[in-house]
2 protein chains.
Amino acid sequence: MEGRKMFDEKLSRRGLIKTIGIGGLAMAASGGLGLLSNVEGAGKRPSKLPWPYKKLSDAEIKRAGEIAYDSWFRGFCAYATLSGIVKTLSEKVGGPYKTFPMEAIMFAHGGTAGWGGTCGTLIGAGIGASLASGHKDAEDITNEVNYYYADTALPTFVPAKAIAYKDLKATSTANSILCHISVGKWMKAEGIAEDKGPEGVGFLSPQQMDRCARMAANMAMKTLEFLNQWKDGKFEAKHQAPSLANHITSQNNCSDCHGDKVPAPGPFGSGVGILKGRFGVGL
Amino acid sequence: MEGRKMFDEKLSRRGLIKTIGIGGLAMAASGGLGLLSNVEGAGKRPSKLPWPYKKLSDAEIKRAGEIAYDSWFRGFCAYATLSGIVKTLSEKVGGPYKTFPMEAIMFAHGGTAGWGGTCGTLIGAGIGASLASGHKDAEDITNEVNYYYADTALPTFVPAKAIAYKDLKATSTANSILCHISVGKWMKAEGIAEDKGPEGVGFLSPQQMDRCARMAANMAMKTLEFLNQWKDGKFEAKHQAPSLANHITSQNNCSDCHGDKVPAPGPFGSGVGILKGRFGVGL
């Protein structure tokens, strides 16, 4: 484990992210593939992030939740959370937020075209955070939103007017960012996951749909709360990315799938030096 | 299971997607939240999809793979695959592709900020497909790209000039779209996942980095191949989304996590009727 320890000391998550950030800047500065550039390139080169951000009031954040909730029924979860963020900033800030093609993220619903992977609300949250704060800070914000999603009994959002089902009973803690696990645990908690229930329960029941719409609202609101803190210079990245603790991209719910046979962390490679060599930056 | 059977007959994946699609159109037509609109709204409303697409030659698709491969080392997997698609279409088609803020998707690396969820290459692929074909067709394309990712021994892409590691030995079949499972299986196949290997193996080793960069290339190229077929009216959605077979958002690798205790599919809810009521469209 000596190599791993050395790497732990050498490499912090912030260090890694910093590398990526600097890599992006280096690319822009050098021309590189020309994928990132500055505002003057608008119309010819990718729009440079972050776009402007203005702090939102509590009432505006609650309204963003309502927009996300409502939008779920128009394009499901990823689109819903992104709509809550971008529509709100379209009104508050205007500019580039008005033209972002949010339809491009609809496919990410249900853990990517319904495959149960990363919950679409977190993809919407990540893109929204990235537009408003740029990728380096958005990485930290997304990590904290992921932790909030995984560690909190949700949904807590209550819509002004329920669309699919008003009186949900349960909240549940997913311990995961995966749609499949998150929605499965919630359906059990709500008592609608039985194998032979009456029609109207189970997946795509009014209950589950309303729950997921509320999740979209919770994630849009939490992302905007973090962006407000970030705007004030008060956002704090409290958690280390689990991938650095586990030495592989991962969540923290190892036993959910591995049971009591959770593998020990493997070695941690020296590949980051390649980024260093490529961009000429230190870790 | 009577309700389930009825639902299977009533609801095809295409039917569900069609509902979403029509929902989007209904929203645009009615004003709704005004999130989708037409080209005339450019500058004031979200850019309407799809953007123009031109068929690519085999050489152009191979070059898109090289761009994706190279871009991995600038912003990791989601950004890499999206860059392969969008940079190629920026040159081939121009227009809106030139200004899309690709930086906004960097956070999705490693299964969303390194959490091991949906492989970032598939998020990049889905956005790229959505920009070029609109969300309805992109849903089908993404589902097929997901199947390709899960069911194929990968990576098969070989870069013109390797950046991190030239002579990779293994390919592996993930049976999953999750980063954690996919990269974990590959590292085992390559023989670099040992608990106490020398430095240079394991996660973030040159081998793993080069493998993931090649995966980004494979996904960019496959997405563009599907888009070429789509442009010719020859794209065929061959697979049903697993969520409809399993009655919950899911993959097809149930035993990977559930072992021999795979739950029977639960009931399938009647909630889609809410979308029907909301948008006035039939299934």
Side-chain angles (χ1 to χ4, degrees), chain A residues 3 23 27 44 46-47 49 73-74 98-99 101-104 106-107 110-118 126-127 130-131 135 138-139 142-143 146 164 177 179-180 193 195 197 199-206 209 241 243 247-251 257 264 266-272 274 278, chain B residues 3 23 27 44 46-47 49 73-74 98-99 101-104 106-107 110-118 126-127 130-131 135 138-139 142-143 146 164 177 179-180 193 195 197 199-206 209 241 243 247-251 257 264 266-272 274 278:
Chain A
M27 178 178 65
K44 292 184 177 175
S47 176
L49 303 182
F73 297 91
R74 303 176 189 278
K98 287 179 180 287
T99 59
M102 286 181 288
E103 181 186 345
M106 283 183 183
F107 79 93
T112 317
W115 279 58
T118 302
I127 293 178
S130 298
L131 296 176
H135 73 85
E139 174 98 12
T142 305
N143 188 54
N146 283 358
I177 62 163
C179 166
H180 176 81
D195 281 3
E199 193 184 8
V201 302
F203 189 66
L204 284 181
S205 63
M209 293 171 77
S243 55
H247 290 200
I248 185 171
T249 53
S250 59
Q251 311 178 83
C257 297
F268 213 18
S270 60
V272 174
I274 292 163
R278 195 160 167 77
Chain B
M27 178 178 64
K44 292 184 178 176
S47 176
L49 302 182
F73 297 92
R74 304 175 188 277
K98 288 180 179 285
T99 60
M102 285 182 287
E103 180 186 343
M106 284 183 183
F107 79 93
T112 317
W115 279 58
T118 302
I127 294 177
S130 298
L131 296 176
H135 74 85
E139 174 97 12
T142 305
N143 189 53
N146 282 358
I177 62 164
C179 167
H180 175 82
D195 281 4
E199 193 184 7
V201 302
F203 188 66
L204 285 181
S205 62
M209 293 169 77
S243 55
H247 290 199
I248 184 171
T249 52
S250 57
Q251 311 178 86
C257 296
F268 213 20
S270 60
V272 175
I274 293 164
R278 194 161 168 77

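So you know, we letter chains A, B, ... as the sequences are listed, proteins then strands, and number each from 1. Not measured: the values here are computed from a predicted model.
Of all heavy-atom pairs between B:L49 and A:P101, the closest is CD2-CB, 3.9 Å. Here the closest heavy-atom approach between residue B:S243 and residue A:G114 is recorded as CB-O, 3.4 Å. Across all non-hydrogen atoms, the minimal contact from A:A113 to B:E139 is CA-OE2, 3.7 Å. Annotation for A:W115 and B:N146: closest pair CD1-ND2, 3.3 Å, computed over non-hydrogen atoms. Among all heavy-atom pairs drawn from A:H180 and B:T249, the shortest one is ND1-O, 2.7 Å.
The greatest number of non-hydrogen atom pairs below 4.5 Å with chain B, out of A:S130, A:C179, A:A164, A:G126, is found for A:G126. Of all the listed residues (A:C257, A:G111, A:G117), the one sharing the greatest number of non-hydrogen pairs under 4.5 Å with chain B is A:C257.
Within the model, atoms CD1 of A:I127 and CD of B:E103 stand 12.5 Å from one another, a figure rounded to the nearest 0.5 Å. A:F107 CZ to B:N143 CG: the interatomic distance, rounded to the nearest 0.5 Å, is 12.5 Å. Taking CD1 of B:I177 as the reference point, atom OG1 of A:T112 lies at 4.5 Å (rounded to 0.5 Å).
Of the possible polar contacts, none joining the B:S250 side chain to the A:G116 backbone as a donor-acceptor pair under 3.5 Å is found.
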